[in-house]
Amino acid sequence: MPRTPSIKTKLPGPRAKKLIKLDKSYVSPSYTRVYPLVVDQAEGLWVHDVDGNVFLDFTAGIAVNATGHCNPHVVKAIQNQAERLLHMSGTDFYYTPQIQLAEKIARLVPGKGGKRVYFGNSGAEAVEAAFKLARWHTKRELNIAFFGAFHGRTMGALSLTASKTVQKKHYNPLVPGITHIPFAYCYRCVYNLCYPDCDLFCVQWVEDTLFRTTVPPEEVAAIFVEPIQGEGGYIVPPPGFHKKMYELAKKYGILYVADEVQSGMGRTGKMFAMEHFEAEADIMALAKGIASGMPLGAMVAPSDTMDWEAGSHASTFGGNPISCQAAMATIELLEKSLMKNATLQGDRLMNGLHELQKSYECIGDVRGKGLMVGAELVKDRETKEPATDWRPRIIRKAFEKGLLILGCGENSIRFCPALTVSAEEIDLGLSIFEEAVKEVCS
Ligand SMILES: Cc1ncc(COP(=O)(O)O)c(C=O)c1O
């Protein structure tokens, strides 16, 4: 019998209510919980809350549990390593899992020549490391990033982030010298142009306007970019965007940094989303799905770019043995079958959403690659007025019906289930989503 969600209590249930009350006393109020889910355990695509309710998870813990919750192969790798060595610090000592994982990642990342890997514990740390390396290597002080970008919340990464003002409020001054420019968000092109007639004007604008008026290109260390914008709304730039931007960067000796924290590690059906655009990057930031839920971030750069000296950057916990083993088990599964499944089920999800789009006016745009899929909600297809107030209501309804989804951007919903998702689970998720949309938007 196919599995279905099971909601036995009002949400939140009595145990969840008690824990949330306790949380409100002791846990930082800066977290943004969108609905009152208190998780007890999970396996595959299925999450059990503390009251025995069971949910179908299309969030994968914000695109992290790539191999499904508690994948047995990953859990075994963690258990085996936990019995041998928990920590020794790769900053001061050598150990096998860190060296082996660095070799594996260096060989996975496309591009000519040797690569080296720096390990941290999170996406922000991977970006932070890229930020520092770009300065170190180029000895330049300026950087470029995109509106809508999310690169993390530590002060350096936050300076590159341009997603929501609440993330920056009261934290200024941030790292100086960063200029944000429009991303290739074709559904809402700021230049009011259409691809392909635009001839990628958004890239040309950087050279013709930005570099001539305010930002001397010879002072720019790096351009930071998400291959597909994540938190900003699951926005897929048009073909040719990254290639043209990379070529522009090369013309002026600027490093192109691909933040693959959300889009990487097989989520889009290829190991790295940049591969969809047949474009290169000089530096890559990885995290989230890399270790199926164990904390790990990685920054990868060509050996001759990663030329900083001993002591210039490090982390006590970064690349700890357990996270490294979890990452190796994860990559093994991605290569064996999960990237293929991401393409297959991603197509099914996209087709399903396109079908729904025919019936529901409020689904203005459907976009994505593999299992990184977004649906943008609008009040009116013509005016594209963002349906910002409908989005939380749809997410809440879905939760009450047993489907876990999250928002992104101002008015979009993201679908980022584990890469182990089955066709039946995709269909089930779509049908619950449709019920929620129908109840809110009709
Ligand atoms: C593209 C991107 N970069 C960086 C980060 C920051 O990662 P973390 O929350 O692990 O610091 C995120 C998190 O959502 C992300 O999506």
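One-based numbering, in listed order, for ligands and for the atoms of each.
Around the OH atom of Tyr191, the shell of radius 6.0 Å holds more than 12 heavy atoms that belong to other residues, nucleotides or ligands. By the neighbour-count criterion of 12 heavy atoms within 6.0 Å, atom NZ of Lys21 is sparsely surrounded, having that number or fewer from other residues, nucleotides or ligands.
Under the 6.0 Å cut-off for aromatic ring centres, Phe183 and Phe241 qualify, their centroids lying closer than that. A ring-centre distance under 6.0 Å is not found for Phe147 and Tyr185.
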Show the atom names and distances, to 0.1 Å, of all donor-acceptor pairs under 3.5 Å that link a side chain in residues 287-295 to residues at least two apart or in another chain.
| residue | atom | partner | partner atom | Å |
| --- | --- | --- | --- | --- |
| Lys288 | NZ | Ile62 | O | 3.3 |
| Ser292 | OG | Thr67 | OG1 | 2.7 |
| Ser292 | OG | Thr330 | OG1 | 2.7 |

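At a heavy-atom cutoff of 4.0 Å, ligand 1 is surrounded by Ser122, Gly123, Ala124, Phe150, His151, Gly152, Glu226, Glu231, Asp259, Val261, Gln262, Lys288.
Side chain of Glu260 to backbone of Ala273: a donor-acceptor contact under 3.5 angstrom is found.
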